[in-house]
Amino acid sequence: MRKTLAWFGVLTVIGYLFSTCLVQVNEDELVLITQFGSPVRVVDKAGLIGKLPDPVQTVVRLDRRLQAIDSDLGEYLTRDKKNLVISAFILWRIDDPLKFLQSVKDNQGAEQRLIDLSGSELGAAIGNYTLSSFLTTNSDETRIPEIVNSVTGKCRTQAKEEFGIQVVGIRLRRLGFPQQNLRAVHKRMRAERERMAKKYRAEGKEAAAKIRSQTDKEVRELLASTYREAQIKRGHGEAESVRIYAKAFQKDPDFYKLTRTLESYGKFLDDKTTLILSSQSPLFKYLETPPDE
Amino acid sequence: MALDRKIRASLLSIGTDLVLIAIKGGLALLTGSLALAADAFHSLSDLVVSISVLMGILLRRLQLHRLLGRGETGTSAQQHAAETHGHWIESSIAAVVSLLILYMPVEIISEVRASEAQELDYAWAGILGTLVCIAIIYFVSRFKIIVGRDTNSPALEADGYHSRVDMFTSVAVLFSLMGQIIGIGLDPIVAVIIAVLIGITGVDLFVSSIVSLVKGTDLHQLSIWEALFNGLNKFVGLVSHTLLGRRFSLPQGFQLTTLLHPRVIGFSVLAMVSVYLASGLTVLKPWEYGVRLRFGEIVDKQLEAGLHYHLPVPFESIVRINMAQVRRVEVGFRTDPSVSAGVSMLLWEARHEKAGYRKLEQESIMLTGDQSIIDLSMIVHYRPRDAVSHWLNVKDIGEIVRGLTEATAREVLSAERSDVVHSEARTRVMEEIRDRLTEQVTQLALGIQVLAVYVHDLHPPLDVVPAFRDVFSAKEDKARLLSEAQAYRNEALPRASGQRTQRLAEAEAFAVESRLHAEGDAQKFEQVAAAYAEAPALTRYRLFLETLESGLAGREKIIADPQVNQGSYRLWLFAPDQQPTLQVNRQRSRGSR
C-alpha cells in the first residue's frame, strides 16, 4: 500500500514538472519568462522551450499579431477655426514585450495609451492645416495622407520608445462635422439642390421659348415669301389677260365700246333701278308719234 | 418467482434505454449527426420492445391471478390454458410493436436522403457521450448476463447478449464521429447501417411473434443475426485478451473482477490507443490548405489537399485554412447571417429597418470634398492569399479590413464632389477605393486579396433626399419643356409649308384662269366684231334694243314728257316702295302714261 502511494507521489511530481517546465510557444505569441517577477528571457520563436518550474519562473504570453483599435471621436479645430470630428483607426502590434509589460502592462493599457497619444498628435497636426486640406474638390490639394503620415511617424517613434509598441499605421476612420453643424450642412445642401432645380427649370423654359419664337419667325417668313411669289404669279396672269383683251379690242374699238356699254347697262339696271325717261328720247320716237308709213 | 425476476430485468432494460435515448438524442441535437439520431432511434426501438415485453408479462400475471383467485384450486390444465392465452396477448403486442419498429428505419433513411453533407459541431462531445453510452451498455449487458447465469435464467442472459449487440451500433457511431474529425463523412452510411439493424430487429420480432401466435408457444427472440453478433463479440474479446489481457495482472480478489474482465480491459486499452493515434489523421478538402504545427511551431506551411497524418494532439496539429471561401465585410451596416437570406439594394428614402439588418450611420455618413454629406455603405469581398500570414499576423482580419475600407472611402470621398459621386463618378470612386485598399493590404502584409468593393447603398442624407429628387424632376421638366417646344416646331413648320404650296397653286391657277378667260373673251369678241362689221347699223340697233329689253323689262319706269312738267323733275323723286308725296302729281303722271 505504501509502495503504491510512493509511486503515486512520484508520478504526480513528474506530471507537474512536465506540465510546468515545458512551455509551448505558438506562432502568434511572444513569451516572456519572468523569474520571481523579474523578466529573464523573451522568446519570439515558436516551438517547445524549457524553463524552471512554476513558482520560480513564470510565463507571460503576449499576442504578437496585428491588432486594431478605434480611438473615440474627438473634436478638433483646424487652422481656419472650423470644427472637425475625427476618430483614428490605429493598427499596432507588440514590438518589445519587456517594455510593453513594464509600461502598459496589458492590451487594455496599451490601447488607452495609444488612443491618448494619437489624440494629442492628431490635435496638433490638424491645427496646422485648413479645412480645405481635408475637404477639397481638387484631389491635388488634399493633405490627408500627409497629415496621417506625420501623425503616424510621431506616434510610431513615441510608442516604440515608451511602450514597446510598433504603430503600423494610423488612418482617419471617422471624419465629419459636429452634430450641431450637420443641420446647417443639410440646409446648405438642400439650398444647392433647389438652386440647381430652379436653374434646370429656367433653362428649360428659356430653350423652349427660343424654339417657339424661332419657329414662329420661320413660319411667318415662309408665308410672306409665299405671298410674294403668289402675287407675282397672279400679276403675270393678269397682265397677260389685259394684253390679250387689249389686242382683241383694238381691232374694233367702237364695237367694243358699244357692246361693253350695253353689257354694263344690263349689269347695272337691276331690280332697284327706277328710270325716269324722257318721252323725247329717241327710244320713244314711235311711242308718241307712230311711224307713218 | 421467475416472473418477478423477469419484471425486474425488464425494468432495468427500460431504465437503461431511457438513459441512452436521453444521452444519444441530446448528442444528436448538439452535433447534428444522423448516425447518433439513428442510434437514438435504435434505443427507442429497444425501449418499445422492453415495454411490450413488460406489458405482456403483467397481463399474463393478471390473468393468472384472476384464474387462480377464482378457481382457488386451479388444475394444471387451467393454468396452462391461462398461460397459452397470455402468450397470445404477448405475441400480438409484439407483432404490433414490430410494425412500429419497422417504421423507424424508413424514417431514418428518408432523413438521410433529405439531408446534405454537413460539418458536425462538437464532434468531441459526441465521441465522449458515445463512449459513456458504450460503457453503460457494456456494464448493463454484463450485469444481465451475470445475473442471468447466477439465477439460472437463460432469457435474461440472452437479453444481456442482445444488449451487447446494441453496443456495436454505438461503436459504429463512434467511428463515424471520429471520421468526422479526420474529415471523412461516414455519418450517413453509419445511420443507414443502424437503420438496417433496427429493421432486422423489427423483422425478427415480427417473425417470432407470428411464429409464437401460430404455434402457441412462448415468444423467443432468436435469430441468425444475433448469433452472428454474439460470435463477433466473443471473437474480438478473445483476440484482445490474448494480445494484451495477460500483461495486465490485476490484484486477485478485486471486487469488480467479474465485471472488469482482463480481456475487456485489454480491449479497451487497445481501442483507446488506436483512437488516440487515429486522431492524427486529417483529410484536407480541395479548397483547404493545411498548416502543420509541432509544439506550436510551423513545420509545414502549405499542406495540399488529401489525407495527412500528424502526431496526436500535444505534439502536432494541423490547422485547416479555407482558401477558396470568399469572405465578406460589411461597412456602414450589419446583417445577421442567420436572418437575412439576401440583402437587396434599398430605396433612398427607406428608413432601412428590416429584421436582421442594422444600419450604422456613424460608419456610413461621410463627407465629400464640397463639404456635403453622403451616406455610403459598402461590402468588401476578400479571400485569404497567404495561409500563414493571414492566419498568424492578424488578430481580427475582418475588423481591420472594415476599418481600412472606411478610412480609405473617406479619404477618397474627401476629394470628390458629391453630385458626381452619385452619378458619373460612382464606378471610378469605388475602383479607387478598392485600389487604395489593395495597396494598403499589401503594404501591411495582411495575407489577403481584396476581390471587390461593392456599393451596398449610396444616397444623400435622408433630410436632403427630397431636394435631390426635385433636381431630378427639374431635369425632367426641362426635357419636357424642350420636347414640347420641339413638338410645336415640328407641327408649325410643315403646316406653313403646306399653306405655301396651297397658296402658290391658287395663284398659279388664277393666272392660268385669267389668261384663258381673256383668250376666250378675245376670240368671242373678234368673231362677234367680224359679224358686226358685216351690218354695223342694224346690229347696233338690235343690240341696243335687246339690251333695253332685258334691262328695262320689269323695272319701275317713269316716262316724263318735258312738255308736261316743263323740265321739273323734283316732284317725281320718291323711294320706290313709298307712297308718292303728292298724290295728285302721281295720279296725273299715271294718267299721262
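Each chain gets a letter, A, B and so on, in the order the sequences are listed, and its residues count up from 1.
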Problem set entry | B/Leu413 portion near chain A, given a 4.5 angstrom heavy-atom threshold | neither
Exercise. Using non-hydrogen atoms only, which part of B/Val512 is less than 4.5 Å away from chain A: side chain, backbone, both, or neither?
Worked result: neither
Exercise. With sequence neighbours excluded, what pairs up with A/Thr215 under the side chain to side chain donor-acceptor pair (under 3.5 Å) test?
Worked result: B/Arg489
For this session: Please flag which part of B/Gln371 lies under 4.5 Å from any non-hydrogen atom of chain A: side chain, backbone, both or neither.
Result: both
Problem set entry | Salt-bridge present (A/Arg190, A/Glu194; N to O < 4.0 Å) | no
Problem set entry | Test side chain to side chain donor-acceptor pair (under 3.5 Å) applied to A/Lys257 - qualifying residues, sequence neighbours left out | none
Problem set entry | Engaged part of B/Asp477 at the chain A interface, taking heavy atoms whose separation is under 4.5 Å | side chain
Exercise. Contact part of B/Gln486 toward chain A, heavy-atom cut-off under 4.5 Å: side chain, backbone, both or neither?
Worked result: both
For this session: Determine the option with the most heavy-atom pairs under 4.5 angstrom with chain A, choosing from B/Asp396, B/Thr405, B/Leu493.
Result: B/Leu493
Problem set entry | chain A contact via B/Glu363 - side chain, backbone, both or neither, heavy atoms under 4.5 Å | both
For this session: Under 4.5 Å heavy-atom distance to chain A, tell me which part of B/Ser514 shows up: side chain, backbone, both or neither.
Result: both
For this session: Side chain from CB out, backbone as N, CA, C, O: work out which of these in B/Ser372 comes under 4.5 Å of a heavy atom of chain A, or both, or neither.
Result: both
Exercise. Contact part of B/Gln362 toward chain A, heavy-atom cut-off under 4.5 Å: side chain, backbone, both or neither?
Worked result: both
For this session: Please flag which part of B/Val420 lies under 4.5 Å from any non-hydrogen atom of chain A: side chain, backbone, both or neither.
Result: neither
Problem set entry | Heavy-atom contact with chain A under 4.5 Å, split by part of B/Leu545 | side chain
Exercise. Contact part of B/Pro314 toward chain A, heavy-atom cut-off under 4.5 Å: side chain, backbone, both or neither?
Worked result: backbone
For this session: Could you tell me which portion of A/Arg183 (side chain, backbone, both or neither) has an atom closer than 4.5 angstrom to a non-hydrogen atom of chain B?
Result: neither
Problem set entry | Which portion of A/Asp63 sits near chain B, non-hydrogen atoms under 4.5 angstrom | side chain
